[in-house]
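On a predicted model such as this, the values are computed, not experimentally measured, just so you know.
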Amino acid sequence: MAAKRKREALPADHFTQLTHLLRQLQKSDSDELKMKLALTLVDLKKVLRDQYLKVKQAVERTESERQQLDTLHLQLQNRLYERMHLQEEIHACQAFYKRESDVRLAPLDDFLAENPDARGQSPDSHELVLRRLGWELEQRTKIAARVQDLEADKAEIAKDNFVLKSKLDVLPTALAQLKEALVAANSNFDMAAAPAPDALVQRLPRPLYLLHALIAAHNRVHGSEASISLSVVNVDAPTAMAVDGEAVPDWLRVDDLGIEGTLQAAGRTLVLRVVYAPRLDIVLARATITPAIEDLDFLPGLLPDDDGTQLPIDATIRAEGIADLDVTRLTDVYGRPYHWLQALCGQPGTETTRVTLRKFIEATSSRITALAQLAEHTRTLGGRNLPDDSAEGKTLFFPLQGEASIVSWTTASAPTASALQRHVGILSRTFDAGGRTLTLAVQATVTVPLAYPTSRPTVVLAPAAGNTAELLDALRHIEAELNVYGGELLELGPAQLLVSLVRRLQLCLDIFVLTEQHDSHSLYARGIRGRDRVRPYWFNPGTRRLDFRA
């Protein structure tokens, strides 16, 4: 068994021993006791010194540990403060105002449709959100500008409506006064009052009723001269206009009543059928001519810049809501929506179209005559001949005739949306050049425009044989002579326009032959003097011959 550790002497033990020795020393003053007393004091001092040192060490150790504890406590406080600060920052970020929280953004698919380069980005990425916000701002800015424009248009329309309403307010009084004046005028001109329209006429839609009233008034004023016979006809919707066996769509339907007018002009009978499509609010017309003028279409090109292929502006706006709009299905059956027709029927948006019924009748007569002459000239050219200017007392406006002969002349195509006819002819001439007999053959492609004879035909030339540099250069200049300067033939008169064009082509080829015979290949393309390159020949109606261009 291990020995017990000896208890360390304490200052109290030494004080007890010292007290005991002092008591003994009082009883007996011996040296031994004094020695013991001195030793005991030394031991007491030693113990006290040791205790002091231990207490000092304990104090130092306690102070060091206290400093460490303070340091740790300070670090803990710092961590707590940092935690509180981060929590405050998090709450501030969570409560931060974001523009997208108050903006209802357009769908992401709409944004990606216009910005395909952003498809690879994450929908929640910061860059993508910024781009969406910028794009949204741009779109809304455009919409706001459009809204402002529409508001301005609305205010302008409201102003115009107010002016028109004020005019309508006085219209009944003005109509009554006009009626009284017309009754007095009729009595002075011995004209009977207009008969009341029958029941069918009263059932006509507004545009057709206005056209019927306009034609009736024209007939009453002009009598049998340039009059138009009128009748109201029933209009059936053809079953062919139905799609996949279903009912005819609303926008394809027309009113069940239409107008049919008959006009005698240039020895032929023109029948014009007019119908009204209420869904698009347009008037359509189709014409037939008896006897027929081959397959030439009459109405396209009747008046300038109106072939009937473009919807009026108001009809185009109304058609925007129709997904399967195919106007050709409507025009193939009932005719085309000519702008002059909309103007005659008083349709809105046609105020700038200056046309009168008298102008229409005059244009019709001139058009029928021109198409009949065109058909006659086409048949004559097809027989490889030109009309004789001396037959039946006729006189051509361009009487000069060249020596180049017509080898063939055919109609290459039927009427199209841009042209009445396209002719292809080959002209040829045989001549001597330097002891050799040569043949010049040229193919001419002539396009007759819809507005013939108001607009002149155009010509494209190509060599039919003998493709030489001189010939190609000459053909280029001859095309300029026929196309650029062809307007001179319109000034001479449109009656023989196609024939005059062919005759000028013959003369141009003769001029080229002359240059070949005299070895002067540049004569045709040179001017009257110097290097001005002015076109050299033109037809002088005063002298009825070709002169140099000044």
Side-chain angles (χ1 to χ4, degrees), residues 200 204-205 207-208 211-212 214-216 218-219 224 226-241 252 254-277 282-303 306-309 327-345 355 357-379 411 413-421 448-454:
L200 280 179
L204 286 171
L208 298 188
L211 179 61
H212 189 281
L214 178 63
I215 297 176
H218 175 272
N219 291 341
S224 60
S227 62
I228 303 176
S229 301
L230 275 176
S231 62
V232 179
V233 295
N234 291 319
V235 181
D236 298 326
T239 57
M241 296 181 64
L252 282 177
V254 297
D255 197 271
D256 55 355
L257 291 180
I259 294 179
E260 192 172 275
T262 304
L263 174 66
Q264 302 293 331
R268 283 178 166 80
T269 301
L270 170 68
V271 179
L272 184 70
R273 171 169 285 208
V274 184
V275 299
Y276 174 66
I282 56 176
V283 185
L284 307 155
R286 177 182 291 278
T288 57
I289 300 178
T290 308
I293 307 176
E294 297 184 354
D295 58 353
L296 298 179
D297 201 352
F298 170 74
L299 291 180
L302 176 63
L303 294 179
D306 189 3
D307 58 4
T309 58
V327 182
T328 57
R329 295 173 57 197
L330 190 66
T331 57
D332 289 345
V333 176
Y334 298 114
R336 300 182 183 181
Y338 301 97
H339 287 234
W340 55 262
L341 181 62
Q342 316 304 316
L344 289 177
C345 293
V355 62
L357 189 60
R358 186 70 178 179
K359 180 179 180 181
F360 165 75
I361 295 174
E362 292 174 354
T364 298
S365 179
S366 174
R367 175 78 164 172
I368 292 177
T369 302
L371 293 186
Q373 290 178 343
L374 177 62
E376 178 184 352
H377 295 167
T378 301
R379 288 191 295 269
T411 302
S413 64
T416 63
S418 59
L420 270 179
Q421 287 179 335
V448 181
L450 284 177
Y452 180 88
T454 305

Minimum-distance pair of heavy atoms, taken over all atoms of [X] and [Y]:
{"X": "Leu284", "Y": "Gly335", "answer": "CD2-O, 3.5 Å"}
{"X": "Tyr338", "Y": "Ala285", "answer": "CE1-O, 3.9 Å"}
{"X": "Ile282", "Y": "Pro337", "answer": "CD1-CB, 4.2 Å"}
{"X": "Ala287", "Y": "Leu272", "answer": "CB-CD1, 4.0 Å"}
{"X": "Leu344", "Y": "Leu211", "answer": "CB-CD1, 4.1 Å"}
{"X": "Leu214", "Y": "Leu357", "answer": "O-CD2, 3.9 Å"}

How long is the gap from OG1 on Thr288 to CZ on Arg268, to the nearest 0.5 Å?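 The distance works out to 13.0 Å.
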Distance, nearest 0.5 Å, that separates NE2 of His212 from OG of Ser231: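 Taking NE2 in His212 and OG in Ser231, the distance rounds to 8.0 Å.
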What I'd like to find out is whether the side chain of Leu257 reaches to under 4.5 Å of the side chain of Leu208, using heavy atoms alone.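 When only atoms from C-beta onward are counted, Leu208 and Leu257 do not touch, as no gap falls below 4.5 Å.
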Partners passing side-chain contact (heavy atoms from CB on, under 4.5 Å) against Thr364 (at least two apart in sequence or in another chain):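 side-chain contact (heavy atoms from CB on, under 4.5 Å) check on Thr364 returns Leu263, Leu270, Phe298, Leu302, Phe360, Ile368.
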Not counting sequence neighbours, which residues clear side chain to side chain donor-acceptor pair (under 3.5 Å) with Glu260? List them please.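 Result, side chain to side chain donor-acceptor pair (under 3.5 Å) vs Glu260: Arg273.
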Would you please name every residue forming a side chain to side chain donor-acceptor pair (under 3.5 Å) with Thr262, sequence neighbours left out?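 Not a single residue meets the side chain to side chain donor-acceptor pair (under 3.5 Å) criterion with Thr262.
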Restricting to salt bridge (Lys or Arg N to Asp or Glu O under 4.0 Å), what partner residues turn up for Arg286, sequence neighbours left out?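 Checked Arg286 against salt bridge (Lys or Arg N to Asp or Glu O under 4.0 Å); zero matches.
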For Asp256, all residues meeting salt bridge (Lys or Arg N to Asp or Glu O under 4.0 Å), sequence neighbours excluded: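 Partners of Asp256 under the salt bridge (Lys or Arg N to Asp or Glu O under 4.0 Å) test: Arg203.
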